[in-house]
Amino acid sequence: YLNGCEHPTELRLLTSPGQLAPVGELAEGYERWTAEHNGGCRTVNIYVYAAPSDDVRRALRSWWSAEQQLAVGPQPDAWIPDSSAEIAAVRADAARLSTPLPMTADPQPVAYSPLVVATSLASVPVAGPDRQRVFPAETPWSGVPARLTALGLGLIRPDPGTSIVGTLATAALYADQGATQAKLIEQMIERSLDSGGYPLDNDAAALCRYRTAAGAQGAPPRVALVMSEQTMVRYNQGHPLGGECSVHVELTVGQQLQALYPTGTPSLDISLVRFDWDRGATQPAAGETGRLERWLRGAVARQRQFRIGG
């Protein structure tokens with residue numbers, strides 16, 4: 001192999017489309033770390049790829065058949081989903097169908113990211129220090145739509161059909177709401193999506209549209225967006241968002257988003273799921289996935305994009 005190094009272990013790491021960029025950065029960081037602790041020779045080469053959770057569930061039900069490998073990608077050695085809710089859905093499928101799962105152990109969360117309602121304070125029609133009090137204390141999620149309406153702001157939520165952020169946000173927004181009020185919330189979201197040309201997709205795709213619109217009109221759009229705190233931090237740091245927003249940008253403080261935390265906000269809990277496709281046989285990637293999981297606990301803290309310990 002190159003420079004006298006042994007060939008590194010090949011590790012296939014699956015994640016969600018919305019986490020592809022940050023997980024890719026973590027994978028590169030881990031590769032560099034192994035080289036720093038192994039005489040300049042990295043011990044692993046990580047292939048990071050993405051698939052929606054429904055595709056992952058379908059592939060797992062077939063024990064990642066050859067057909068699913070063509071449709072989704074190779075059998076993963078590890079998986080970083082958006083939330084443990086997706087792991088629970090996989091386990092429910094296995095129980096319902098009485099099929100085994102290739103998971104090696106119950107994954108434990110390595111980090112958390114609460115859901116937030118994010119907006120630019122420049123778009124809030126309140127002057128001075130009152131801008132910092134966009135939501136009165138103890139505003140619940142069910143009170144968010146009315147408060148945004150009073151401020152003249154629209155509401156952008158990721159697609160609950162494909163995004164766990166959208167699913168959790170919908171449950172929080174609908175809490176204690178009747179059918180009529182729930183319909184009004186959906187109409188508000190639909191108007192906001194349509195008027196701003198926002199895609200019905202994940203939070204990163206919505207933010208890309210927000211960034212593009214803000215640049216085109218020279219001012220932040222008058223909307224608030226539901227997203228994970230991690231996604232908002234990455235946006236404020238200028239990280240690529242994917243799609244048309246694939247380059248790093250520098251944002252001024254005035255262009256950055258402010259997180260609003262309604263009471264009882266749900267969180268994404270980030271875990272690394274390890275797979276054993278050979279049912280107990282020794283695999284070269286098995287040791288690396290264990291070391292990667294331990295390394296992640298420190299790496300996500302250093303990134304300051306997640307929270308550790310809830």
Side-chain angles (χ1 to χ4, degrees), residues 13-27 48-61 72 76 78-96 101-118 141 156-175 200-207 225-235 241-242 259 261-262 264-275 289 292-293 296-297 299-301 303 305-310:
L13 180 57
L14 174 66
T15 189
S16 68
Q19 288 289 352
L20 184 59
V23 169
E25 292 167 10
L26 285 168
V48 182
Y49 60 112
S53 60
D54 285 349
D55 291 351
V56 175
R57 291 171 62 184
R58 191 177 304 112
L60 285 170
R61 286 197 294 268
V72 180
W79 174 37
I80 300 181
D82 283 327
S83 166
S84 63
E86 297 178 0
I87 303 172
V90 166
R91 293 195 182 282
D93 285 347
R96 177 171 52 85
L101 281 174
M103 297 180 187
T104 60
D106 286 333
Q108 298 300 313
V110 298
Y112 300 83
S113 185
L115 266 58
V116 301
V117 180
W141 273 88
I156 304 297
R157 177 205 59 195
D159 180 11
T162 59
S163 164
I164 188 65
V165 172
T167 301
L168 294 174
T170 299
L173 289 166
Y174 284 9
L200 188 60
D201 203 333
N202 57 38
D203 50 4
L207 267 178
L225 304 93
V226 177
M227 65 190 71
S228 70
E229 184 183 63
Q230 176 224 8
T231 299
M232 189 204 71
V233 170
R234 288 182 59 82
Y235 178 87
L241 299 169
Y261 297 88
T265 192
S267 291
L268 304 182
D269 47 344
I270 312 299
S271 306
L272 184 137
V273 180
R274 298 157 62 184
F275 293 119
T289 55
L292 172 61
E293 182 176 20
L296 280 173
R297 296 182 186 279
V300 295
Q303 273 196 334
Q305 296 177 9
F306 295 94
R307 299 186 180 197
I308 309 300

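One-based numbering along the sequence shown. Every value quoted in this text rests on a predicted model; they were computed, and no experiment measured them.
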Please find the pair of heavy atoms, one from [X] and one from [Y], that lie closest to each other, and give the distance.
{"X": "V165", "Y": "M227", "value": "CG1-CA, 4.0 Å"}
{"X": "P107", "Y": "S271", "value": "CB-CB, 4.0 Å"}
{"X": "R157", "Y": "T170", "value": "NH1-OG1, 3.1 Å"}
{"X": "Y261", "Y": "P114", "value": "CE2-CG, 4.2 Å"}

Check whether any side-chain heavy atom of [X] lies under 4.5 Å from a side-chain heavy atom of [Y], and answer yes or no.
{"X": "V56", "Y": "P81", "result": "no"}
{"X": "P262", "Y": "V117", "result": "yes"}
{"X": "W79", "Y": "E86", "result": "yes"}
{"X": "W141", "Y": "P266", "result": "yes"}
{"X": "L60", "Y": "D93", "result": "no"}
{"X": "L20", "Y": "V48", "result": "yes"}
{"X": "R57", "Y": "D54", "result": "yes"}
{"X": "T162", "Y": "N202", "result": "no"}

From [X] atom [atom1] to [Y] atom [atom2], the distance as rounded to the nearest 0.5 Å:
{"X": "S16", "Y": "I164", "atom1": "OG", "atom2": "CD1", "result": "10.5 Å"}
{"X": "M232", "Y": "D203", "atom1": "CE", "atom2": "CG", "result": "11.5 Å"}
{"X": "R91", "Y": "S84", "atom1": "CZ", "atom2": "OG", "result": "10.5 Å"}
{"X": "S267", "Y": "Q230", "atom1": "OG", "atom2": "CD", "result": "12.0 Å"}
{"X": "T15", "Y": "L272", "atom1": "OG1", "atom2": "CG", "result": "9.5 Å"}
{"X": "R234", "Y": "T231", "atom1": "CZ", "atom2": "OG1", "result": "8.0 Å"}

Handout entry: Working for side-chain contact (heavy atoms from CB on, under 4.5 Å), residues L26 and I80
Key = CA-CA 11 Å; L26 285 168; I80 300 181; 5.7 Å; no
Exercise for the section: Take T265 and V116 through the test side-chain contact (heavy atoms from CB on, under 4.5 Å) and record every step on the way to the result. Expected result: CA-CA 7 Å; T265 192; V116 301; 5.9 Å; no
Problem - Worked check of side-chain contact (heavy atoms from CB on, under 4.5 Å) between S83 and D269 - result: CA-CA 5 Å; S83 166; D269 47 344; 3.4 Å; yes
Practice task
Could you tell me whether the side chains of E293 and Q108 share a donor-acceptor contact shorter than 3.5 Å?
Solution key: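 No, no side-chain donor-acceptor contact under 3.5 Å.
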Exercise for the section: Begin from the C-alpha positions of L14 and Y49 and carry the test side-chain contact (heavy atoms from CB on, under 4.5 Å) through to its verdict. Expected result: CA-CA 5 Å; L14 174 66; Y49 60 112; 3.6 Å; yes
